[in-house]
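To keep things clear, I will list the structure first and then write my remarks on it.
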Amino acid sequence: MNIEPTPPTGKGPAEWFTGDVWIEQIVAPKVDGQRGNLGRVRFAPGARTAWHSHDLGQTLHITEGTALLGTRDGQVIEARPGDTVYTPPGEEHWHGAAPDAFMEHLAAYDTSVDPPLGVHWHEHVSESDYRRRT
Ligand code: MN
């Protein structure tokens, strides 16, 4: 047993995110057979992912701020600290901060081989899709 080195904080790439997003990879597979990943992701107000899907699904746990999460059917849901949001394999979606506050979530997902991390990235989320609420 050991305490792991503190992971570096990296800026989320502009092709995958709108606005300022910072990521720390807390858990990554270490030995054959492990597939679990856990990241801490911090979004500036208004920042969000591009549209994407996860080959093996994703679980988000909101730790700070107000999260907005959208799906292709036009639904945008709001989640708060303590909420856990599951996205099934293959469902296209986005997640980010509300316009007026920072947001932090933990993101858990299983690695798949292709594409890297099992994430399929698509176009950025438009202002009108981001602002839509049901
Ligand atoms: Mn996702």
Side-chain angles (χ1 to χ4, degrees):
M1 181 189 296
N2 61 282
I3 294 179
E4 289 287 285
T6 301
T9 300
K11 188 86 183 290
E15 61 265 42
W16 296 348
F17 297 96
T18 298
D20 287 338
V21 177
W22 296 88
I23 303 169
E24 291 151 33
Q25 184 81 7
I26 297 170
V27 175
K30 290 180 182 299
V31 301
D32 283 353
Q34 292 181 345
R35 304 179 80 175
N37 292 268
L38 182 72
R40 175 163 71 163
V41 190
R42 292 185 271 194
F43 297 80
R48 65 259 188 188
T49 69
W51 287 100
H52 65 283
S53 66
H54 305 273
D55 269 347
L56 297 171
Q58 180 183 54
T59 300
L60 301 175
H61 182 77
I62 315 305
T63 49
E64 187 179 315
T66 301
L68 299 178
L69 308 101
T71 44
R72 291 288 191 186
D73 59 5
Q75 186 184 33
V76 177
I77 63 171
E78 193 175 293
R80 298 282 182 175
D83 288 339
T84 299
V85 182
Y86 173 68
T87 301
E91 182 176 70
E92 293 188 6
H93 67 287
W94 58 267
H95 28 108
D100 56 353
F102 285 82
M103 186 276 282
E104 179 188 281
H105 66 46
L106 302 175
Y109 54 94
D110 290 314
T111 298
S112 64
V113 176
D114 182 39
L117 302 180
V119 184
H120 299 262
W121 290 100
H122 303 288
E123 78 278 15
H124 285 90
V125 176
S126 68
E127 270 310 295
S128 60
D129 283 348
Y130 173 68
R131 301 274 173 180
R132 180 177 293 144
R133 302 282 186 98
T134 53

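By convention here, the first residue in the shown sequence is residue 1. Predicted model only: the values in this text are computed from it and were never measured. For ligands, and for the atoms within them, numbers begin at 1 and follow the listed sequence.
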Margin query: For Arg80, is there an ion pair with Glu104 - N to carboxylate O distance below 4.0 angstrom?
Written below: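 Answer for the salt bridge query: no.
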Checklist line | Residues Glu24, Lys11: salt bridge by 4.0 Å N-O rule | finding: no
Checklist line | Heteroatom of His52 nearest to the Mn ion (ligand 1) (N, O or S, atom name) | finding: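 Atom name of the closest N, O or S in His52: NE2.
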Notebook entry, point to check: In terms of ring plane angle, is the pair Trp51 and Trp94 parallel, tilted or perpendicular, where the classes change at 30° and 60°?
Noted result: perpendicular
Next item on the list: Go through the side-chain N and O atoms of His61 and Thr84 and say whether any donor and acceptor fall under 3.5 Å apart.
Entry: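 Looking only at side-chain atoms, Thr84 and His61 do form a donor-acceptor pair, the distance falling under 3.5 Å.
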Check: When you draw lines from the Mn ion (ligand 1) to NE2 of His93 and to NE2 of His54, what angle lies between them, to the nearest 10°?
Finding: 100°
Check: Counting backbone and side-chain atoms alike, does Ser53 have an N/O/S atom under 2.8 Å from the Mn ion (ligand 1)?
Finding: no
